[in-house]
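In what follows, chains carry the letters A, B, and so on, assigned in the order in which the sequence lines appear, proteins first and then strands, with residues in each chain numbered from 1. Please read all numbers here as calculations on a predicted model, not as lab measurements.
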Number of protein chains: 2
Amino acid sequence: MPRTQVLAIQVATGDSRPLSKQIVDAVRMKIATGELESGGKLPSVRGLAQQLGINPNTVAKAYAELGSEGWVESRQGLGLFVAPPRQRLSDDERERRLDDAIRHFVHEVVALDYPPQQALQRLDEALRVLIRKTA
Amino acid sequence: MPRTQVLAIQVATGDSRPLSKQIVDAVRMKIATGELESGGKLPSVRGLAQQLGINPNTVAKAYAELGSEGWVESRQGLGLFVAPPRQRLSDDERERRLDDAIRHFVHEVVALDYPPQQALQRLDEALRVLIRKTA
DNA sequence: AAAGTGTACTATGTATCGTAGTACACCATA
DNA sequence: TATGGTGTACTACGATACATAGTACACTTT
C-alpha cells in the first residue's frame, strides 16, 4: 500500500486566487515537477482541510477538479492517488487556453508598462523549473 | 479641439474577461501601441455603450479604472482624453503584479502540460507588438 | 435654452466562492 | 460484525463581483 505523502502546501485568503484554485495549482505543480510521484497517495479531504484550516468542501472541490483533469484518481474508500501521465486535453483546447494565457500576460505587461524584454527574461527563469521534467 | 477617435473595439459576453476589463485592456493596448495618441479624445460613455450594445454604466466603470490608472484624463463637460505618459505605479507594485502574472502563466503552462520552450516562444512573438513603442 | 459630457447614486438579477451541515457507499481493521 | 476513515453528493447561507436599469447633478458647448 502506498504511503501518504505529506504535501507541504500553504494557502492564504489574501491571495488573489480562490482557495480551491491555490490547492489545484500547488498539487499540479508538485506532480509536474516530480515531487509527487505517480501512484503516490494524497492527504485525505478532511485531513488536508484541517491542516490548512479551511473547510473540507473546499478541498473536495479542488480534488474534484484535479480528478476531472486526470491528474489524480480515486479508489473507492481508499483515497486519492496520483494518476499515471497521459494526454489530458485536445490540441485545440490546449492552443485556445494558451492563447488566453498569453493574452492575459501581454495585457498585464501593458498595464504595468513593464519592459517586454525584461518580462520575457523573468518568465524564462520561472519556466526553468519545468524544463527538467518536461524535456 | 481634438477630434474624437473612432476606437475600433469589440466586446463579447463569451469572453472569459468581464466586459469592463475587455474595454480597459483594449484601450490600454491602443494607447501603448500608439494607435491612440496623447491628447486624443475618447468616445463618450453613452456613445461607446451604444456602439458596443452594452450598458453605459459598464463603459463608465471601465473609463473610471483607466482614469484611476492615469491612462486618461477627464475635462469637465468635455469628455475623456488620453493622458500624457507618466509613471503610474510604484516599483514595488509593478514587481508584485508581474510576479502574479508570471505565476499565473506558469501554472497555466503546467495545467496544459505545454512545452515550456514553445510557450516562451509564442509569448515572445506576442510581445513583439510592444517593443517598437516601449523601446 | 438645449444637448452632450463625466460622474455618482440606488436597485435588481445572476454567478462564483467559501463555509456549514448532513448523508451515503465503499474499504480496512480491530 | 462493528467501527472508523475514505471520496462524493447534496442543501443552505452569506459575501462578493458583474452587468443591467433608472435617475440625478454639475459642467461645457452650441
I'd like to compare against my own output: the B/S/- annotation of nucleotides 3-16 of chain C with a strict under-4.0 Å heavy-atom distance to protein. -BBBB---------

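- Atom-to-atom, CG of Asp15(A) to P of dG18(C) comes out at 10 Å; the value is rounded to the nearest Å.
- Atom CD of Glu65(B) and atom P of dA19(D) are 11 Å apart (whole Å).
- Regarding contacts with the backbone of dC18(D), every side-chain N or O of Ser20(B) stays at 4.0 angstrom or more from both OP1 and OP2.
- No engagement by Thr13(A) is indicated, since no non-hydrogen atom pair under 4.0 Å with the nucleic acid exists.
- With rounding to the nearest 0.5 Å, the separation of CZ in Arg96(B) from CG in Leu89(B) is 10.0 Å.
- Side-chain N/O atoms of Thr58(B) include none lying less than 4.0 angstrom from OP1 or OP2 on dC18(D).
- In this structure, CG of Asn55(A) is placed 17 Å from P of dT11(D), rounded to the nearest angstrom.
- With rounding to whole Å, Phe81(B) atom CZ is found 11 Å from dT28(D) atom C1'.
- By the salt bridge (charged side-chain N to carboxylate O under 4.0 Å, His left out) test, Asp124(A) pairs with Arg128(A), sequence neighbours left out.
- When the salt bridge (charged side-chain N to carboxylate O under 4.0 Å, His left out) test is applied to Glu65(A), no partner is found at least two apart in sequence or on another chain.
- Annotation: Glu73(B), atom CD; neighbour count of heavy atoms from other residues, nucleotides and ligands within 6.0 Å is above 12.
- The CE atom of Met29(B) lies 12.5 Å from the CG atom of Leu36(B); values are rounded to the nearest 0.5 Å.
- Side-chain contact between Ser16(A) and Arg103(B) is present, with at least one heavy-atom pair separated by less than 4.5 Å.
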